[in-house]
Number of protein chains: 2
Amino acid sequence: MKLSQRGEYALRAVLVLGMNHGSGVVRIRDIAQQQNIPRRFLEQILNDLKSAGFVLSKRGVAGGYRLQRGPNEISLADIIRHLEGPLAPVGCVSVNYYQRCSCPDEGACAIRSVMQEVRDAIVGVLEGVSVAHLCDRVRDLQGPLENPLDYII
Amino acid sequence: MKLSQRGEYALRAVLVLGMNHGSGVVRIRDIAQQQNIPRRFLEQILNDLKSAGFVLSKRGVAGGYRLQRGPNEISLADIIRHLEGPLAPVGCVSVNYYQRCSCPDEGACAIRSVMQEVRDAIVGVLEGVSVAHLCDRVRDLQGPLENPLDYII
DNA sequence: ACGATACTTGACTAAACAGGTCGAGATTCT
DNA sequence: AGAATCTCGACCTGTTTAGTCAAGTATCGT
């Protein structure tokens with residue numbers, strides 16, 4: 001039931017972009033430094049997020065990345081699904097990536113019915129949290145003390 | 001967020017043992033056949049479940065496996081935790097297998113707070129379902145039509 | 001006591017995946 | 001032109017997954 005390192009980095013990166021939404025692009029290097037992510041690895045990940053349409057990039061001297069859609073239009077479920085595949089713990093309860101399993105009768109499978117609930121629970125949380133929500137949480141958690149330019153995400 | 005094949009097989013096997021609880025032991029071969037699980041692989045898994053104290057075995061001609069504790073004393077969470085490790089999607093929100101992550105400030109990490117919720121959701125379901133519950137579901141799902149000896153789990 | 005039946009133990013393997021790293025190229029700004 | 005930045009694909013190493021297999025040990029019926 002694990003999120004891969006790759007997936008976690010992606011979320012952290014998107015969150016940084018969310019926090020900087022509206023103020024131009026952010027360089028890979030800055031994200032990597034701030035979030036403690038290996039730069040080369042992050043390049044790969046951002047590239048992937050780009051081809052999936054989550055972010056846009058700008059090349060050249062003042063280049064960097066920004067979100068393509070608004071932070072409130074991207075849910076964590078969207079991002080994780082794209083990077084990790086199904087959210088469901090087993091293929092036979094996945095809505096987006098359904099796959100039949102080897103059990104004798106799927107319709108009457110008790111394990112399946114439990115996993116269905118697990119899936120719904122996971123999706124319920126992840127679908128309900130957008131990048132914008134995440135940014136709100138950052139601000140809540142950091143409290144009123146900081147100056148606005150220096151978030152520790 | 002995946003359950004491994006191994007984990008799924010383990011649940012199916014335990015469920016079979018749950019259904020037969022009280023009526024002696026069940027042979028590996030029968031479980032394998034009924035549940036469509038590679039026999040050799042299942043041997044390994046049952047052995048693992050045995051050393052973890054979930055099941056007992058009996059050798060020899062009339063040998064097989066049975067549950068060690070009552071079906072209502074074993075939750076799915078227990079089983080999955082033993083086979084797959086943490087239920088939490090990231091180590092930094094795991095209660096039983098906590099592991100610090102690389103983010104700058106764990107206490108103020110917004111992603112962590114979401115993952116916390118995901119963890120709670122997953123654990124909530126899985127901790128609430130025992131093998132006995134699972135057996136009940138089997139009986140519910142199969143409906144009143146079958147004769148008692150011929151469950152399709 | 002013997003043989004058939006089952007579990008037991010540990011080694012082995014092929015393929016996939018995770019988590020990165022690297023070099024060379026293409027763009028853009030100054 | 002030159003520096004900064006993203007881009008693209010190849011590459012690498014270690015671990016995990018999903019099994020398979022052989023030889024061993026215990027138990028039961030006869």
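Residue numbering restarts at 1 for every chain, and letters A, B, ... go by the order of the sequence lines.
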Q) Is B:S57 near enough to C:dT8 that one of its side-chain N or O atoms lies under 4.0 angstrom from OP1 or OP2? A) yes
Q. A:R12 has an atom CZ; how far is it from atom P of C:dG19, in whole Å?
A. 13 Å
Q. Base, sugar-phosphate, or nothing: which does B:R27 touch, judged by heavy atoms less than 4.0 Å apart?
A. sugar-phosphate
Q.
Nearest to the A:V61 side chain among C:dA4, C:dA24, C:dC29, which nucleotide is it?
A. C:dC29
Q | 5' precedence on DNA chain C between B:A62 and A:E43 (nearest-nucleotide basis) | A | B:A62
Q: Return the value, rounded to whole Å, for the distance between atom CG of A:L42 and atom P of C:dG20.
A: 11 Å
Q | Nearest-angstrom distance from the residue atom CD1 of B:I37 to C1' of D:dG19 | A | 13 Å
Q) Which pairs with one or both residues in residues 66-75 of chain A pass side-chain hydrogen bond (donor to acceptor under 3.5 Å, both in side chains), sequence neighbours excluded? A) A:S75-A:D78
(Q) Quick check: closest heavy atoms across B:M115 and A:L3, and the distance to 0.1 Å? (A) CE-CD2, 4.0 Å
**Q.** Donor/acceptor link under 3.5 angstrom from B:R6 side chain onto base of D:dT17
**A.** no
Q: Answer yes or no: does a side-chain N or O of B:K50 lie under 4.0 Å from OP1 or OP2 of C:dC7?
A: no
Q: Starting from the 5' end of DNA chain C, give me the residue, B:V26 or A:P38, whose nearest nucleotide shows up first.
A: B:V26
Q: Just grab all the ring-ring contact (aromatic ring centres under 6.0 Å, His included) pairs involving residues 15-43 of chain A, residues at least two apart or on different chains.
A: A:Y9-A:F41
Q: Look up atom CG in A:D105 and atom CD in B:Q142, then write down how far apart they are to the nearest 0.5 Å.
A: 7.0 Å
Q.
Using whole Å, what does the distance between atom C1' of nucleotide D:dT16 and atom NZ of B:K2 come to?
A. 16 Å
**Q.** Any B:Y65 side-chain nitrogen or oxygen under 4.0 Å from OP1 or OP2 of C:dT8
**A.** yes
**Q.** A:G60 vs B:E84, nearer the 5' end of DNA chain D by closest nucleotide
**A.** A:G60
Q) Whole Å only: how far is the CG atom of B:N36 from the P atom of D:dG19? A) 11 Å
Q. Tell me: CZ of B:R39 to P of C:dT8, nearest whole Å?
A. 13 Å
Q) With a non-hydrogen cut-off below 4.0 angstrom, is B:I28 in contact with a base, only sugar-phosphate, or nothing? A) sugar-phosphate
Q) How long is the span from the CG atom in B:N47 to the CD atom in B:E43, to the nearest 0.5 Å? A) 8.5 Å
Q.
For C:dG20 and A:Y9 - does any side-chain N or O of the residue sit under 4.0 Å from the phosphate oxygens OP1/OP2?
A. yes
Q. Rounded to the Å, how far apart are A:L83 CG and C:dG19 C1'?
A. 13 Å
(Q) Under 4.0 Å from OP1 or OP2 of C:dT27: is there any side-chain N or O of A:K58 that close? (A) no
Q) Does B:N47 make a side-chain N or O approach to OP1 or OP2 of C:dC7 shorter than 4.0 Å? A) no
Q | Polar side-chain contact B:Q44-D:dT20 base: donor and acceptor under 3.5 Å | A | yes
Q.
If you apply the rule salt bridge (Lys or Arg N to Asp or Glu O under 4.0 Å), what do you find for B:D140 with B:R137, and how did you get there?
A. CA-CA 5 Å; B:D140 287 357; B:R137 292 203 192 203; over 6 Å; no
Q: Find the distance B:D30:CG to C:dA6:P and express it as a whole number of Å.
A: 8 Å
(Q) On the nucleotide D:dA4, are OP1 or OP2 found under 4.0 Å from the side-chain N or O atoms that A:R59 carries? (A) no
